[in-house]
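Below is a structure I'd like to ask you about.
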Amino acid sequence: MRTRKLATLLAGAALAASTTLVVGAAPASAAGPCGSSYSRVGVYPISRGDGARTGTLEVYYSSSARKNCALTYGYGPYANTRSWKRVTISRGDGSGEQTNAGEFTYYAGPVYVSAPGQCIDVAGTVPAWVTRELDNVHCG
């Protein structure tokens with residue numbers, strides 16, 4: 001009799017735990033940093049001249065919005081800490097430029113540009129003296 005009660009108690013606890021995990025989980029369609037229709041299309045490390053990584057430049061695209069989006073995150077000592085971060089995006093010809101820069105804890109951005117049938121230019125800076133620039137990328 002005791003074994004049956006223990007088994008029932010354990011089964012109930014397992015069910016409660018799994019229900020809690022499902023309820024606490026984020027939905028599969030949770031929006032990313034640029035919005036729910038955006039997919040990440042590029043991740044680029046930002047590194048000093050000696051190779052030490054200071055940040056990450058991420059590029060996203062939405063086929064429904066027909067826009068690109070970019071963000072710059074800190075890495076290592078610049079991650080999750082207030083530091084200078086900057087992100088810039090534009091069409092490959094330099095038009096439509098959008099920039100977000102300042103002292104941010106998590107990331108600079110998001111910034112957006114519509115560039116149907118064109119390439120884009122993106123740049124990320126973390127901290128103020130380390131920049132990664134990409135010209136004429138993610139063409140389409």
Side-chain angles (χ1 to χ4, degrees):
M1 188 67 152
R2 252 188 184 171
T3 305
R4 182 177 288 165
K5 283 184 179 180
L6 181 59
T8 303
L9 179 63
L10 290 175
L15 178 61
S18 66
T19 302
T20 302
L21 291 176
V22 171
V23 170
S29 62
C34 295
S36 61
S37 67
Y38 286 81
S39 298
R40 189 169 54 194
V41 294
V43 178
Y44 307 97
I46 300 169
S47 301
R48 296 188 318 225
D50 65 2
R53 187 168 167 192
T54 59
T56 304
L57 172 63
E58 291 188 354
V59 180
Y60 293 78
Y61 180 73
S62 168
S63 57
S64 60
R66 297 188 61 168
K67 289 184 178 182
N68 289 92
C69 169
L71 298 103
T72 299
Y73 292 89
Y75 183 85
Y78 304 101
N80 304 320
T81 186
R82 193 163 180 80
S83 60
W84 178 261
K85 297 171 180 73
R86 178 180 183 188
V87 63
T88 299
I89 192 169
S90 69
R91 293 181 198 93
D93 64 7
S95 65
E97 183 177 297
Q98 297 290 312
T99 298
N100 184 236
E103 294 279 332
F104 300 112
T105 301
Y106 301 107
Y107 57 83
V111 292
Y112 300 86
V113 69
S114 177
Q118 299 179 46
C119 302
I120 61 168
D121 296 343
V122 291
T125 303
V126 179
W129 60 89
V130 183
T131 298
R132 174 84 186 256
E133 294 180 352
L134 300 164
D135 294 328
N136 293 310
V137 295
H138 302 290
C139 304

Does L134 share a hydrophobic cluster with V126, counting links as ILVMFWY side-chain heavy atoms below 4.5 Å and allowing steps through other members?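 L134 clusters together with V126.
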Please round to the nearest 0.5 Å and tell me the distance separating atom NZ of K67 and atom SG of C34. 11.0 Å
Please find the pair of heavy atoms, one from E133 and one from A123, that lie closest to each other, and give the distance.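 Scanning both residues, the minimum pair turns out to be CG-CB, 3.8 Å.
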Please enumerate all residues that pass side-chain contact (heavy atoms from CB on, under 4.5 Å) together with S63, with sequence neighbours excluded. Y61
Is there a chain of hydrophobic side chains (I, L, V, M, F, W, Y, each step under 4.5 Å between heavy atoms) that links V113 to V111?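 Linked, V113 and V111 end up in one cluster.
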Counterpart residues, side-chain hydrogen bond (donor to acceptor under 3.5 Å, both in side chains), relative to R66 (two or more places apart): none
Enter the distance from K85:NZ to L57:CG here, rounded to the nearest 0.5 Å.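 Between atom NZ of K85 and atom CG of L57 there are 14.0 Å.
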Where at least one partner belongs to residues 76-125, residue pairs that pass ring pair (Phe, Tyr, Trp, His ring centres under 6.0 Å), sequence neighbours excluded: Y38-Y112, Y73-Y107
Please tell me if the side chains of C69 and I89 come closer than 4.5 Å, counting only heavy atoms from C-beta onward.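 Sidechains of I89 and C69: no contact.
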Do the side chains of P33 and P110 get nearer than 4.5 Å, heavy atoms only?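 P110 vs P33: side chains apart.
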Taking all non-hydrogen atoms of both residues, which atom of S47 and which atom of V130 are closest, and how far apart? O-CG1, 3.3 Å
Where at least one partner belongs to residues 41-53, residue pairs that pass salt bridge (Lys or Arg N to Asp or Glu O under 4.0 Å), sequence neighbours excluded: R48-D50
Under 3.5 Å, side chain of R86 to main-chain N/O of A128, donor-acceptor pair present? no
My understanding is that only residues two or more places apart in sequence, or in another chain, count here; which of them pass side-chain contact (heavy atoms from CB on, under 4.5 Å) with T105? R82
Residue pair V87 / V122, side-chain heavy-atom distance below 4.5 Å: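 No, too far: nothing below the 4.5 Å cut-off.
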In a check of side chain to side chain contact (heavy atoms under 4.5 Å, CB included) between V137 and each of I120, D121, N68, which one passes?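 Per the side chain to side chain contact (heavy atoms under 4.5 Å, CB included) rule, the option paired with V137 is I120, out of I120, D121, N68.
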Determine whether V43 and T56 make a side-chain contact, defined as any pair of heavy atoms from C-beta on separated by less than 4.5 Å. yes
Cut-off 3.5 Å, no hydrogens considered: what does the side-chain donor-acceptor table look like for residues 94-101, sequence neighbours left out?
unit_1: S95; atom_1: OG; unit_2: R91; atom_2: NH1; d: 3.1
unit_1: S95; atom_1: OG; unit_2: D93; atom_2: OD1; d: 2.6
unit_1: T99; atom_1: OG1; unit_2: T88; atom_2: OG1; d: 3.0
unit_1: N100; atom_1: OD1; unit_2: G109; atom_2: N; d: 2.7

